[in-house]
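The analysis underlying the following values was restricted to heavy atoms, covering all of them including side chains, and did not include hydrogens, waters or symmetry mates.
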Amino acid sequence: MSGANSPTARPDSSPLPAKYKPSEHEASVRARWESSGAFHADPLRVLRDGRAPYSIFIPPPNVTARLHLGHALNNTLQDVLARAHRMKGFEVLWMPGTDHAGIATQTVVEQRLLKEEGKRRTDFAREEFVARVQAWKDEYEAVITDQLKAIGCSCDWRRQRFTMDNVCAGAVREAFFRLFRDGLIYRGKRLVNWDPATQTALADDEVEMEEVDGFFYYLRYPLVQVTDGIDRHNQKKALPATLAGLKYAPVTWGELAARGYPGAESHPDDEQAWVTVATTRPETYLGDTAVALHPRDPRAASLRHLSCQLPLVGRIIPLIEDEYVVMPVTKEQAEDAEKRGEAVDPKARFATGFLKVTPAHDPNDYEIGRRHDLKIINVMAPDASISDKHGWTDVGDAHLFVGLSREEARKKVIAEFKARHVADSNGPLFEKQVEYRHSVGHSYRSHVPIEPYLSDQWYCRVTDDRLRGAALRAMDPAQRSSADAGRATKGGGDGALSFFPERFARTFETWHENLRDWCISRQLWWGHRIPVWSGSPESARRALEGVDSDRAVLHENGEAAFVCVRSEGDAALIRALEAAQLRRDPDVLDTWFSSALWPMSTLGWPAPPPEMKGLLEAFNPSAVLATAREIITLWVSRMTMFNRYLLPEGHPATKSGDASYGSSGKGGGPVPFRHVYINAVVQDGHGQRMSKSLGNGVDPLDIVHSHGTDALRLVLVQTATGTQDVRMPVDLVCPHCGEGFEPAWITSPAGYKVAAPRQSCPRCAKPSVSAYGVSSGSVKPTDDAPQARNGSTRFDAGRNFCTKLWNATRFALMNLEGEAAPGAVRAAKLSLPDRWMLSRLTRTIREIDGAIAQYQFAQYAELVYDLFWRDFCDWYLEAIKPTVRSSPEQRAVLGAVLESIVRLLHPIAPYVTEVLHGALRRVPRAPLEGLLIPESEQVCVAAWPAADPSLESADAERSFARLQALVEQIRQVRSAKGVEPRRRVKLHAGPSLADDVRGWAGVVEALSGADLAPGPAPAGAAPFVFEGADAALSDLADAVDPSAERQRLSESLSKLEKDIAALETRLGNPGYADRAPPHLVQQTRDQLSQKIAERDALKLRLSQLGA
RNA sequence: GGGCGCGUAGUUCAGUCGGCUAGAACGCACGCUUCACACGCGUGAGGUCACUGGUUCGAGUCCAGUCGCGCCCACCA
């Protein structure tokens, strides 16, 4: 112990190093977490011991690339929840894993193979190629796992899964089998987003829209009237002219005029009439099977029962009426409508009112075709060249287009239409072209325009009520907007699902209301192979003779038979099928199919191996899913549907721990999670979404390197305020001299602002390589141009906070030595700062609990920040400095409060709190009545602090607030008068305030550097007013300058006058006293009278100083 | 085209039920190397809460509209 005159201990007695260096502690802390098994969840503690479960399924990151700050945010928030609930006594399972991300991963691997080895996928055998992708996956799965571990994620790492591992594959297989068996998976000919370059179907979200400059082409279709065979024509629309003895005759303008067609009379009577269609894609006219117009179009009546004949092809196609068609408007009409505030379809200005309908090559036309039972004629090969081998037979004179690419065909069609005439004497078939800028879907893989393409695909019937309806019924009725909101019935997961922030419920709801069946097949090699064998019905039936329907299911579809085999291990059956010439489908499943099963597959459904027994019963449904808003549709929806469909209604009450869940088959099963928390999108400094593939993704490990993990997490948590976007501007850090600098920006090929691949440091001028160039593969780090890490001053606040916490703990440790209090310390007997601090702690614990329950992460961070820095450091530690060494009771409070703060902070800043907890627990701590913080070896499994509400003391908070106000006032006077910081001055106060100051036992003196002096203030003292009473400071070194003093007091006076005027206006308002709540009126009155008292005191003081 | 979000101090952002004399961090100014911490301490300066109108005793907050920025979904006549 240092000398008796020293109020606190010497700094060198601290057991902690002088400075917190994250890199010196994080690895060893992490190793202790892992070896202790602190994060390993045991379903038995739930199922047998009745402990409350709390589970979270990680959104499995794609194994395509390293994680960026967006992932760091998402996973930090999950970790905050996991750690907080672990400390609150829940049995926590945070399930980790990664996603095979079919198309994305295959694409990056293909690109790399092409770049590094000059090879294409087709240069490999399928197994060989898959092995290469597997190698990539192994590499990135390891990288991602390391990143997640580094940022402190408290996942149950022993249970880590991958969407294509054996357990997950079993779930995919079983789910597919049941959905197939129940008629919810079917083979369909549908329009898909076809990438003609890679020849695969793409999901809607794999299509990128790009603005393209193009043209509207105006083409003329001659009008004809079918004179014989009209019935057959109407039954099977769009017949070739040559077929079935169809007889037809040209329709002349004269006939049209007779039918009342507006404007027909301006044409020669005996010439053949035509209609003009407008299209951006003239080459698709080869597949047209109708021309449509709006039923209210003024021309519609006069055209009824007429047809068009496609030039060159010769096909006769009907004129049909459909409300989808946009009627044309003139420029003037459009402007008028806009003036009236009416929306005008931009297409209306270009439209002719006649829409060519090509069901095989346009999604909207496909829908029209279905409505009108039109023929579907596919005129393209899979490579998007014009072909007569894929469903187009009535080629006629159009054979000159066959074999052309779609681009060549477009030119050729235009050229031919320009060169030909409607009829011998008419004008050309080509009318005009108009420039038109529109957005066109492009493949995110090959960047060529998407072709809507008719092909055979597997579909999941998500529009079935057992899936879609179940998902909608899962929603919390309070978050539903539509009419049937109130009709949610009881049972299963109905009404159990809610969104945070609430507004995202709308996204979920409208998605389901507009849902279409889900195309689940992909023409890829990387993924879950579709477990269906197809061949002729007879051979399929023969091969399945005597095979139980539990092993395989047969669906027949006209000439084809499809056999779904339940188990990959059913080798005998598979051999029999292949012997019967049935071939396995070459396609794989959409990646989201396995993702949709994540909450089940990771828990071992349907047949858990021994080490996974009980997981499903214990941990599904999970507590919360934390994810990004753009996958509400892709993922959240599908998990909800599958979980509810595949798990039985009674779950988890089902007792069996084995495979034998019967599917409820009604979609009445449990929700996969009760809450969905949508976190913000992390953007870069330019407001662009952060993404490694764009080259603007920041590796969280760069921030870990520069600021430490806890700093990273603190700042990320602070940003989670419920907004949609978070901007995280980043710099580069020079690898040579450590200078942070703003990179030089360039625009990437995709139009994003990214750091230039090569940078040079503004300080040392040496070159470096930025992340963008590295991820795009355009440049590699070398010895003289090493890679610059990202850095950001945004994280300084977090680092500073950790340092402050470290230092405060060091200080506390120095002062916690010494005799412990003999028994339990009772709050009522403590000093004001102690009672105040305990009150603040108790209140803050309550507020933090509320914030966590509502996913108010930023508020949680702010609460614990203020508690620690503002209350504990700025006031409490300073207040107890004079007394703590001599008061065992005060030491008990100090130790208990700091330990509580460390625990409250642990979910956000796990590393530094773990180290500090280790140091703090070596100091014996006397128990404190009302504050329960049981001993624990590690803070990550320590109990959340429990404070008795009685510790919350309004009285202590009120008194301490007065003390703080007085101290601040004294500091202001000192600062205004330029008193030396270390100089002790004298405080003169009236008897009542002096009593209070004495009652506060030296705290005011310690915090303000002013000692209470007896008697009235001497001449020349600096006066001030506290709570309307005179007080003063004297002994300020130099004599007080009366003119400066007048100046200062006058400023205070004018501010007071302003306040008083404002308060008087408010009270003078006749409505205020009547209608405002009484306590507010009273408060205003009190404020006014206090300000008036202060003003009068100041005025008196000023007059004493002499005007 | 449909939906959602944002606009508050130089910067990044809080601001819940309308009660506000609008806060924080960083930055800035002044003072302080005080025996936990200069990644610190103390004291300050800094705001037409995008704009217009409305409701209200009272509007940053609610309503209507305007302008600007961004995101998601849909869309190739």
Side-chain angles (χ1 to χ4, degrees), chain A residues 2 6-11 14 16 18-20 204-205 209 212 214 216-217 277-281 325-326 343 345-348 350-356 362-365 436 438-441 449-450 452 503-504 506-507 510-511 514 629-630 632-633 681 683 687-689 711 715 718-719 721 723-729 793-794 796-797 799-815 854 856 858-859 862 865-866 873-874 877-878 968 971-972 974-976 978 980-982 1009 1055 1058-1059 1062-1063 1066 1069-1077 1080 1083-1084 1087:
Chain A
S2 50
S6 171
T8 52
R10 292 232 161 273
S14 165
L16 290 171
K19 205 163 156 44
Y20 176 60
D204 289 345
D205 56 290
M209 303 313 291
V212 167
F216 259 117
Y217 301 93
V277 299
T279 179
T280 56
R281 300 201 52 200
V325 180
V326 176
D345 191 319
K347 284 175 298 203
F350 296 90
T352 65
F354 295 101
L355 173 67
K356 66 188 271 304
D362 182 286
N364 295 314
D365 291 6
Y436 184 60
H438 61 151
S439 54
V440 174
I450 290 300
R503 63 178 180 275
F504 293 110
R506 281 285 297 283
T507 311
T510 49
W511 163 260
N514 303 319
R629 68 175 178 276
E630 77 271 11
I632 290 173
T633 53
V681 168
Q683 302 178 334
Q688 307 167 143
R689 152 186 221 92
V715 172
Q718 279 172 343
T719 69
T721 59
T723 58
Q724 291 201 143
D725 312 310
V726 173
R727 275 197 190 200
M728 231 14 115
T793 53
R794 280 295 299 272
D796 290 356
R799 180 197 56 196
N800 296 352
F801 185 86
C802 293
T803 304
K804 184 79 174 176
L805 181 67
W806 185 264
N807 285 317
T809 307
R810 284 176 59 226
F811 173 76
L813 287 169
M814 289 170 220
N815 290 287
Q854 290 298 310
Q856 307 261 13
Q859 202 184 349
E862 191 184 335
Y865 184 102
D866 285 346
C873 292
D874 289 355
L877 285 185
E878 297 303 325
E968 278 170 349
R971 283 172 178 171
Q972 276 160 23
R974 289 181 61 124
S975 181
E980 290 277 320
R982 271 189 287 178
K1055 189 170 182 305
K1058 238 179 77 186
D1059 292 350
L1063 292 171
R1066 191 185 303 171
N1069 186 321
Y1072 182 67
D1074 299 343
R1075 304 194 203 180
L1080 276 173
Q1083 191 182 313
T1084 311
Q1087 278 174 359

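Atom NZ of A/Lys804 and atom P of B/A38 are 9 Å apart (whole Å). Per the geometry, OH belonging to A/Tyr20 stands 17 Å off C1' belonging to B/A36, to the nearest Å.
Comparing B/C39, B/A77, B/G42 against the side chain of A/Thr280 picks out B/A77 as the nearest. Distance from the side chain of A/Gln859 is smallest to B/U16 among B/C72, B/U21, B/U16. Candidate nucleotides B/A77, B/U21, B/A36 were compared by shortest atom distance to the side chain of A/Arg1066, and B/U21 ranks first. Side-chain atoms of A/Leu355 lie closest to B/A77 of the nucleotides B/G19, B/A77, B/C13. Closest approach to the A/Arg503 side chain among B/G70, B/C37, B/G5 is made by B/G5 (side chain taken as heavy atoms from C-beta onward). Each of B/A14, B/A36, B/A77 was ranked by its minimum atom distance to the side chain of A/Cys873; first place goes to B/A36. Comparing B/A77, B/G19, B/U43 by their closest approach to the side chain of A/Ser975 singles out B/U43. Checking B/A36, B/G31, B/G19 against the side-chain heavy atoms of A/Ala1076 singles out B/G19 as nearest. Distance from the side chain of A/Ile450 is smallest for B/C76 among the nucleotides B/U33, B/C76, B/A77. Closest approach to the A/Ala797 side chain among B/A77, B/A25, B/A36 is made by B/A25 (side chain taken as heavy atoms from C-beta onward).
The base of B/C37 is not paired with the side chain of A/Lys19 by any donor and acceptor separated by under 3.5 Å. For A/Glu878 against B/A36, a side-chain-to-base donor-acceptor contact under 3.5 Å is present.
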* Asked: If you write RNA chain B from 5' to 3' in dot-bracket form, with Watson-Crick or G-U pairs under 3.5 Å, [ ] for crossing pairs and | for pairs with another strand, what do you get?
  -> (((((((..((((.....[...)))).(((((.......))))).....(((((..]....))))))))))))....

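Atom P of B/A50 sits at a distance of 8 Å from the matching atom of B/A9, rounded to the whole Å. Between B/A25 and B/C39, the distance separating the two C1' atoms is 14 Å to the nearest Å.
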* To do: Begin with the C-alpha distance, continue with both residues' side-chain angles, and end with the deciding distance and a verdict on side chain to side chain contact (heavy atoms under 4.5 Å, CB included) for A/Asn807 and A/Tyr20.
  => CA-CA 8 Å; A/Asn807 285 317; A/Tyr20 176 60; over 6 Å; no

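Between A/Arg982 and B/C32, a side-chain N or O to OP1/OP2 separation shorter than 4.0 Å is absent. Close to B/C26, at under 4.0 Å from its OP1 or OP2, lies no side-chain N or O of A/Thr793. A close approach under 4.0 Å does not occur between any side-chain nitrogen or oxygen of A/Asn807 and OP1 or OP2 of B/G40.
Using a 4.0 Å heavy-atom cutoff across all strands shown, A/Leu877 reaches at least one base atom of the nucleic acid. When heavy atoms are screened at a 4.0 angstrom cut-off, A/Arg971 is found touching the sugar-phosphate backbone but no base atom.
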